[in-house]
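The analysis underlying the following values was restricted to heavy atoms, covering all of them including side chains, and did not include hydrogens, waters or symmetry mates.
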Amino acid sequence: MIGIEGQPILTAAEMRAAEDAVIATGVSVETLMDRAGTAIAEVVRRLAGANEVLILCGPGNNGGDGYVAARVLAEMGVPVRVAALSEPKTDAAKSARTGWPGPVETLPEAKPAPILVDALLGTGLTRPLDASTTPTPNRSPADAGAQLNPEGSPSGLSWGPASAGERSVVECLHSLANAAQLSIAVDLPSGLATDSGEALSTPPVFDLTLALGAVKPAHLLQPAARYCGQIRLLDIGVPATSQAEVHKAPSLPAPGPDSHKYTRGMVAIIAGTMSGAADLAALAAMRAGAGYVTLLGDSQGPPHALVRTPFSDHVLANDRIGALVIGPGLGRDDTAKARLGAALTSDHPLIIDGDALRLLDPNRIKALEVPVILTPHAGEFDALFGKSDTDKITRARQAATRTNAIVVFKGADTVIAAPDGRVRIGQGASDWLSTAGTGDVLAGAIGAMLAAKLDPLDAACAGVWLHGDAARRLGAAFIADDLAEALRSARAAP
């Protein structure tokens, strides 16, 4: 198993293309399936111990991987059973089913086991699991398979009594997962949309998901990601490259003997009607490592290391400013609009957050010749770019291209996009970040990174990483003030 930090993210179509490229070299689909099933079996054997394993197999190649895993586990001496949704549909899955020497139970009749492996559907699902996808008295096994496979699938399984067949696929899956000590999903928990992260049907929450060949968007995008549990990558010999990658820990240099406050970076924060938000951003910039932070506007109190000065065009013209943060607590009145206008003409690299995003014309951003990082949450994103049902990765990319800026589309599944198409997605942010002021802290942290002269995409990624790491260190029930202080520990971590 491989950790997923820094790994490429492939859509369902991109993964198929990567597999097709390998197949074009002479490697068969059956060989790829054998690699996947064997890798799954090796992981399950290590985790299962002497416990019995139940593998649920679907009609497609994900089910074929399950049949191979069952065969390999049996050869290893692990007690294993197989239950199927329907007969295999693809040639490779049929071949894998033939290689499994044991019986195949029907899904509705399957008895629980301590270890559950879901190889029902995996990636590529485009519609909900129909409530009647398991056979009923008036529905044959072939009809059930056809609901999930437009081409249909052959019959051949005996589904048992009608009373057992009245349960849906989702109900069966939940029942078996709830009874298991450990639940493992192959590629994706069944019922999730690979590319959008939508939960087409609601699966149980799995303990572990084994991504085959590459990480998929649904491993990281909400709500799908919440059902995946821990995610590990299995190498099946399919090279994967993508402009989208899983966010990884940044490599940030520490100050050296020749460093001083300006070489470490000067951050200016423009305050507005709610000075506390600007104070949080300023404190975050300081704790994230900036050498000099000045707050422009009405504010007072600690920390005393923060330089506070009234807002003026003269102060804003300081050419030592390495990053200018505007938006936290700015307000939306005429003063706020004037200060935003001044920021946009200042020639300083910009982090634009909060209220400033509500006052912004995206076309004006594209005309700027300085680095710009936009940090909208979902509501601000909709206000700035319009609502859409398109997936979050595509929306972030389109916004970055439209504005020629780095877009940090915030949330439990923060997506960071650059105008050239590069995308970075973080793993599961703390749910406790859902409290007032944490976005202001993020803006300040990114400001410190940008002022330190990191590449704008790297600066955004580093700020998001520090923000998330600080939250993890705090645990539960923290407030934004705690988060800003905790950036110090995150920044000092090796």
Side-chain angles (χ1 to χ4, degrees), residues 1 12 15 19 29-30 32-45 47-48 52-74 78 80-90 92-100 102-108 110 112-125 129 133-134 144-145 148-149 153 157 169-170 172-177 180 182-192 194 201 203-204 206-213 216 218-219 227-229 231-234 236:
M1 292 189 294
M15 189 66 207
E19 292 171 341
V29 177
E30 288 78 8
L32 289 179
M33 186 172 288
D34 192 70
R35 291 176 186 173
T38 300
I40 294 163
E42 290 172 349
V43 172
V44 174
R45 179 185 60 82
L47 298 176
E52 183 183 54
V53 178
L54 172 63
I55 301 182
L56 308 181
C57 294
N61 284 350
N62 193 254
D65 297 335
Y67 284 116
V68 173
R71 171 180 59 79
V72 175
L73 284 169
V78 177
V80 57
R81 294 186 289 117
V82 171
L85 177 64
S86 69
E87 287 283 3
K89 171 182 169 291
T90 68
K94 292 174 184 176
S95 177
R97 165 65 182 91
T98 301
W100 162 245
V104 176
E105 305 167 31
T106 62
L107 182 61
I115 310 298
L116 177 69
V117 178
D118 171 18
L120 287 173
L121 296 172
T123 60
L125 191 68
L129 303 183
T133 47
T134 53
L148 300 174
N149 304 280
S153 62
L157 290 180
V169 174
V170 174
C172 292
L173 190 54
H174 274 269
S175 176
L176 294 169
L182 176 68
S183 56
I184 302 171
V186 173
D187 223 5
L188 274 176
S190 296
L192 303 180
T194 309
S201 297
F206 282 80
D207 298 305
L208 173 67
T209 294
L210 300 175
L212 301 181
K216 315 304 186 303
H219 293 135
Y227 301 107
C228 293
I231 303 161
R232 293 295 182 268
L233 178 64
L234 297 184
I236 60 172

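Residues Pro59 and Glu87 come closest through the heavy atom pair CB-O, 3.6 Å. When all heavy atoms are compared, the tightest approach of Gly37 to Val68 is CA-CG1, 3.6 Å. Ala84 approaches Val104 most closely through the heavy-atom pair CB-CG1, 3.5 Å. The two residues Lys94 and Lys89 have their closest heavy-atom pair at CE-O, 3.5 Å. Nearest heavy atoms, Ala180 versus Leu116: CB-CB, 3.9 Å. Of all heavy-atom pairs between Cys172 and Pro108, the closest is SG-CA, 3.8 Å.
The shortest side-chain heavy-atom distance between Glu105 and Val82 does not fall under the 4.5 Å cut-off. Taking the side chain as every heavy atom from C-beta outward, Leu107 and Leu173 never approach each other to under 4.5 Å. When side chains are defined from C-beta on, Trp100 counts as touching Val80, because their heavy atoms get closer than 4.5 Å. In this structure, Leu73 and Val53 have side chains that are in contact, with non-hydrogen atoms separated by less than 4.5 Å. For the pair Ile40/Leu212, a side-chain contact is recorded, criterion being any heavy-atom separation below 4.5 Å from C-beta on. Counting heavy atoms from C-beta outward, Leu210 and Val43 have side chains that approach closer than 4.5 Å. Considering only heavy atoms from C-beta on, Val186 comes within 4.5 Å of Val117 through its side chain. Counting heavy atoms from C-beta on, the side chains of Thr209 and Ile184 never come closer than 4.5 Å.
The CG atom of Asn62 sits 9.0 Å away from the CE atom of Met33 when rounded to the nearest 0.5 Å. Note that CG of Leu192 and SG of Cys228 are 6.0 Å apart. Values are rounded to the nearest 0.5 Å. Separation of atoms CG (Leu208) and CG (Leu182) is listed at 7.0 Å; rounding is to 0.5 Å. One finds the CG atom of Leu188 at 5.5 Å from the OG1 atom of Thr194 (value rounded to the nearest 0.5 Å). Rounded to the nearest 0.5 angstrom, Asp118 CG and Tyr227 OH are separated by 14.0 Å. Here the straight-line distance linking atom CD of Glu52 with atom CD1 of Ile115 works out to 10.0 Å at 0.5 Å rounding.
Using a 4.0 Å cut-off between a side-chain N of Lys or Arg and a carboxylate O of Asp or Glu, Asp34 and Arg71 qualify as a salt bridge.
With hydrogens and angles disregarded, a donor-acceptor distance shorter than 3.5 Å links the side chain of Ser190 to the backbone of Leu121. Between the side chain of Arg81 and the backbone N or O of Pro112 there is at least one donor-acceptor pair closer than 3.5 Å. A distance-only check finds no donor-acceptor pair linking the side chain of Asp65 to the backbone of Ala36 [under 3.5 Å]. For His174 (side chain) and Val169 (main-chain N/O), no donor-acceptor pair under 3.5 Å exists by modelled atom type.
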